[in-house]
Amino acid sequence: MSGKLGRRTVYLGTLAAIVSLVAGFALAAITINVHNQGGQGDITNNTAGVPGVTYKFTTINLTANPAPTSSTGTSATPQKLVAGTNAFCLNVCIAGDIAETSYLAFTTSWTGAMQIDVAVVATTNGGTTSLYLAQASTAVAGGILLTWDLGTGANTITSVTVIEYGCSGASCP
């Protein structure tokens, strides 16, 4: 044996090393692009809240395509909800942007109107807003999906607060 490597062996070894390197970069890219949201918080159940309305979750997501629109409700004339999911944009929403979404479920036992106050504390695109919603003339059940668009840049979300208030009568003070 002479101890020499043939050209074909060197060529195949180099090719195998390049393929392994590229595969490693692809795997790293997949791992780097996985995003998880974790946090701590206090959830107060609806023992003193709006009967028939239950907070379900808040999560980071992408703004839907098509993006939800703003509520048309005011304190004097809250927007009537429909059966199923009612989706609302809480600020300027652009499809595909990073967003905090909160979901509340409501049953037919909920009557009247409510005010929902949402506050998002973030390094960019945070703020506060209020929604005014009312049960349909004939009570329906469904959900309320609230979207707060955070834009496309880097952002640190410090807190998300969702508070619901029952209104006396058909309008809110």
Side-chain angles (χ1 to χ4, degrees), residues 34-173:
V34 174
H35 300 285
N36 293 314
Q37 179 178 4
Q40 296 178 324
D42 297 318
I43 298 172
T44 304
N45 292 329
N46 290 348
T47 54
V50 178
V53 179
T54 307
Y55 169 84
K56 293 296 187 179
F57 64 82
T58 297
T59 187
I60 198 161
N61 212 328
L62 296 178
T63 302
N65 188 10
T69 58
S70 299
S71 169
T72 59
T74 65
S75 61
T77 55
Q79 181 173 348
K80 298 232 182 219
L81 297 176
V82 298
T85 300
N86 297 264
F88 300 104
C89 176
L90 302 177
N91 58 351
V92 177
C93 289
I94 299 171
D97 280 3
I98 297 168
E100 280 288 343
T101 56
S102 296
Y103 188 82
L104 294 98
F106 62 94
T107 65
T108 55
S109 66
W110 169 56
T111 59
M114 72 175 154
Q115 174 181 332
I116 302 173
D117 290 343
V118 179
V120 176
V121 178
T123 53
T124 59
N125 298 322
T128 61
T129 194
S130 295
L131 261 73
Y132 301 95
L133 305 172
Q135 178 60 278
S137 300
T138 301
V140 296
I144 303 166
L145 182 65
L146 307 171
T147 300
W148 190 284
D149 192 314
L150 294 164
T152 58
N155 207 338
T156 300
I157 300 127
T158 305
S159 70
V160 178
T161 305
V162 179
I163 303 172
E164 58 193 60
Y165 301 97
C167 302
S168 58
S171 64
C172 297

Exercise. Scan residues 61-119 for pairs that pass disulfide (SG to SG under 2.5 Å), counting only residues two or more places apart or in two chains.
Key: Cys89-Cys93
Exercise. Look only at the side chain of Asp97 and the backbone of Leu150, and say whether a donor-acceptor pair between them is shorter than 3.5 Å.
Key: no
Self-check item: Contacts of type side-chain contact (heavy atoms from CB on, under 4.5 Å), residue Thr72, not counting sequence neighbours
Solution: Gln79
Practice problem: Using ring-ring contact (aromatic ring centres under 6.0 Å, His included) as the criterion, list what pairs up with Tyr132, not counting sequence neighbours. | Solution: none
Exercise. Starting at CG of Asn155, measure out to CG of Asn125 and round the result to the nearest 0.5 Å.
Key: 6.5 Å
Exercise. Please answer whether the main-chain N or O of Val118 pairs with a side-chain N or O of Thr129 as donor and acceptor at a distance below 3.5 Å.
Key: no
Self-check item: Ala139 versus Thr108, closest heavy-atom pair with distance
Solution: CB-O, 3.5 Å
Quiz item: When rounded to the nearest 0.5 angstrom, what is the spacing between CD in Glu164 and CD in Gln115?
Solution: 11.5 Å
Self-check item: Residue that, paired with Leu133, satisfies side chain to side chain contact (heavy atoms under 4.5 Å, CB included) out of Cys167, Cys172, Ser71
Solution: Ser71
Quiz prompt | Point-to-point distance, once rounded to the nearest 0.5 Å, from CD1 of Ile144 to OG of Ser102 | solution = 11.0 Å
Quiz item: What pairs of residues pass the side chain to side chain donor-acceptor pair (under 3.5 Å) test when at least one of them lies in residues 142-152, not counting sequence neighbours?
Solution: Thr63-Asp149
Quiz item: Does Val140 offer a backbone N or O that forms a donor-acceptor pair with the side chain of Gln135 under 3.5 Å?
Solution: yes
Quiz item: At what distance, to the nearest 0.5 angstrom, does OG1 of Thr128 lie from CG of Asp117?
Solution: 8.0 Å
Exercise. Can you run down the ring-ring contact (aromatic ring centres under 6.0 Å, His included) pairs that involve residues 104-126, sequence neighbours left out, and say none if there aren't any?
Key: Phe106-Trp110
Self-check item: ring-ring contact (aromatic ring centres under 6.0 Å, His included) contacts touching residues 77-103 (sequence neighbours left out)
Solution: Phe57-Tyr103
Self-check item: Separation between CG of Leu146 and CD1 of Ile116, rounded to the nearest 0.5 Å
Solution: 5.5 Å
